[in-house]
Amino acid sequence: MQCSKQANAPLMLPYAQWKSWPERIRHFTPVWHAVIMGTGAISALLNDFPYGQDNDNFKIAACVFFILNLILFVFICVCSFLRYVLNPDVFWLMIGHPAQSLYIGCFPMGITTLISSALALNQNWSFGGPGFLYALWGFWWLDSALSYLVCYGMIYTMVVRHEQSISNMAAVWLLPVVTLVVASSTGGLLAQAIKVHSHTSALVTTAFSFTMLAMGLAFALMMITIYLLRLIIRGVPDPGLVLSAFIVLGPLGQGGFSLLVNGSVISELLPLHIQGDFPQSALAGQMIYAVCFCASYALWSMGIAWIVLAVCSIYHVVGVRRTTLHFNMAYWGLIFPNGVFALLTVQLSRVLDSGFFRVVGSLWSALVFLLWGAIFLRSIPPFIDGTLFKAPCLPDGSVAAQLLPTVHTPSPAAAHGEKSSVSSDSTFDEQGHKSE
């Protein structure tokens with residue numbers, strides 16, 4: 001009955017039912033930072049689009065998206081700040097939620113995309129000169145520190161506060177650890193730009209980026225393995241979490257891109273001296289670059305495999321279970337993972353000078369452009385009436401409602417004789433502590 005009511009719901013509610021702005025602020029969740037990530041990915045794809053780079057049309061379009069992203073970033077940061085200042089209790093409710101709290105990782109990743117777009121502005125148009133470049137470098141160091149804090153802080157929170165199990169595991173587990181991978185790729189881009197001014201600064205930057213990449217990619221691959229185990233044992237996730245399957249493309253695509261960018265920089269900065277043993281030998285940089293290319297190609301291949309699994313999971317929920325995927329903020333999580341995978345494909349086309357990868361990268365980039373446009377337009381009506389502002393840890397906007405016990409309902413999969421799947425909202429208490 002609930003599903004049928006939602007299916008027949010109008011595109012926009014009548015004015016009398018619009019949610020007030022204080023209530024919208026209260027329901028303003030960290031998932032909104034995925035909008036920054038997705039728009040930033042569009043800007044990066046426009047800057048690196050394989051065709052049409054003989055003029056400035058794509059670069060101008062990238063600047064437009066960068067300005068739009070800055071406006072969105074200010075709006076989202078102001079709303080987030082007001083949410084926790086006006087409603088201090090909501091912060092701990094959010095931290096205790098085993099799914100919503102993980103979207104905190106979108107905040108530093110969104111900042112990283114802004115730094116990358118601003119760097120492209122500096123390199124394409126000489127905007128700000130070396131001073132602006134070094135300012136971006138400083139912001140990157142701050143964002144890297146924030147990425148470390150979010151990564152290890154949220155892993156610690158998952159260990160001591162959240163009740164987790166294979167049943168409620170979802171790809172959103174990846175969000176805190178991907179922060180390190182995303183920051184490492186921007187570090188490689190900055191190192192490429194800075195090496196003209198200082199080889200030492202560029203070498204320190206790319207070495208630090210490799211360290212972050214190794215940590216983040218290691219955590220991500222472990223969690224991807226757990227996610228595959230969850231799919232095999234418990235079946236596809238519930239409709240509310242099935243779209244998160246594409247998040248797996250994030251660490252794979254961005255990790256491969258980071259390997260190629262940082263590997264290219266290290267191949268030019270090493271050897272430090274023309275003669276000597278490894279790593280000072282003349283071939284040391286090329287050896288490292290070759291390993292980076294092999295690893296990035298392996299990650300690209302894994303990404304293709306996970307695209308197939310994600311599509312099959314969504315088909316099973318929509319086509320087999322006949323479940324409607326209602327529009328919400330989770331749709332914005334589709335753009336960035338697909339965008340960085342397209343970015344990796346484009347980068348591979350440059351390294352290999354391959355027409356195949358160039359065409360695939362262009363087509364995938366075009367698909368991401370269309371996806372962003374469709375989701376952006378679909379977000380306008382629920383943004384206007386306020387239905388897009390919905391925090392799962394606040395079902396009706398009141399704290400008292402959260403003190404009620406959670407009611408467990410059987411999964412729709414049971415009607416089809418499938419494996420049962422437990423929602424990630426059903427196994428944690430109000431304060432977010434583990435059940436004894």
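In plain terms, the two heavy atoms of R83 and T29 that are nearest each other are NH1-CA, 3.8 Å. The shortest non-hydrogen separation linking F58 to G52 is CD1-O, 3.6 Å. Contact record, Y289 with G263: CD1-C, 3.5 Å, taken as the closest heavy-atom pair. For V35 against I76, the heavy-atom pair with the smallest separation is CB-CD1, 4.3 Å. The two residues A44 and L343 come nearest to each other via the heavy atoms O-CD1, 4.0 Å. When all heavy atoms of A193 and L119 are compared, the pair lying nearest together is CB-CD1, 4.0 Å.
Formation of a donor-acceptor pair under 3.5 Å by the S244 side chain with backbone atoms of L241 is found in this model. The backbone N or O of A99 lies less than 3.5 Å from a partner atom in the side chain of H97, making a donor-acceptor pair. Between the side chain of H27 and the backbone N or O of A391, at least one donor-acceptor pair lies under 3.5 Å.
No side-chain heavy atom of M12 sits under 4.5 Å from any side-chain heavy atom of P382. Within the 4.5 Å cutoff, side-chain heavy atoms of M215 are placed close to those of Y148. Proximity of L252 to F341: side-chain heavy atoms (C-beta onward) are nowhere separated by under 4.5 Å. Put simply, the side chain of L102 reaches to within 4.5 Å of the side chain of M158, judged on heavy atoms. Proximity of T205 to W137: side-chain heavy atoms (C-beta onward) are separated by under 4.5 Å at one or more points. Within the 4.5 Å cutoff, no side-chain heavy atoms of F107 are placed close to those of P30. R321 has its side chain within reach of V236: a pair of non-hydrogen atoms, C-beta onward, lies under 4.5 Å apart. Contact annotation: the side chain of C77 never approaches that of W32 to less than 4.5 Å [non-hydrogen atoms, C-beta and beyond].
Only one option out of S185, S209, S184 pairs with S258 in a side-chain hydrogen bond (donor to acceptor under 3.5 Å, both in side chains); it is S184. A ring-ring contact (aromatic ring centres under 6.0 Å, His included) with F383 is found for one member of W18, F327, F389, W332 and no other, namely F389.
For L82, the side chain to side chain contact (heavy atoms under 4.5 Å, CB included) partners two or more places apart in sequence, or in a different chain, are I25, V78, L86. Listed by chain and number, the residues in a salt bridge (charged side-chain N to carboxylate O under 4.0 Å, His left out) with R378 amount to none (sequence neighbours excluded).
Within a 6.0 Å radius of CZ in F81, other residues, nucleotides and ligands contribute 12 heavy atoms or fewer. For Y51, the OH atom is densely surrounded, since the number of other residues' heavy atoms within 6.0 Å is greater than 12. Taking a 6.0 Å sphere around CZ of F139, one finds it holds 12 or fewer heavy atoms contributed by other residues, nucleotides or ligands.
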The test is side chain to side chain contact (heavy atoms under 4.5 Å, CB included); show your working for W364 and T345 and say whether it passes.
CA-CA 9 Å; W364 206 264; T345 307; 5.6 Å; no
Do D89 and R26 pass the salt bridge (charged side-chain N to carboxylate O under 4.0 Å, His left out) test, and can you show the C-alpha distance, the side-chain angles, and the key distance before you say yes or no?
CA-CA 10 Å; D89 56 302; R26 184 176 178 81; 3.5 Å; yes
Could you give me the CA-CA distance, side-chain angles and deciding distance for M329 and S379, then say whether side chain to side chain contact (heavy atoms under 4.5 Å, CB included) is met?
CA-CA 8 Å; M329 286 299 298; S379 300; 5.6 Å; no
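When ring centroids are compared, Y227 and W306 come within the 6.0 Å threshold. The six-membered or imidazole ring of W300 lies away from that of F293, with a centre-to-centre distance of 6.0 Å or more.
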Without placing hydrogens or testing angles, list every side-chain donor-acceptor pair under 3.5 Å for residues 169-181, not counting sequence neighbours.
unit_1: T179; atom_1: OG1; unit_2: S147; atom_2: O; d: 3.3
unit_1: T179; atom_1: OG1; unit_2: P176; atom_2: O; d: 2.6

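Side-chain polar atoms of T112 and T186 form no donor-acceptor pair below 3.5 angstrom.
To the nearest 0.5 Å, the span separating CG on N168 from OG on S165 amounts to 3.5 Å.
One finds no salt bridge joining R24 and D385 here, because no Lys/Arg side-chain nitrogen approaches an Asp/Glu carboxylate oxygen to under 4.0 Å.
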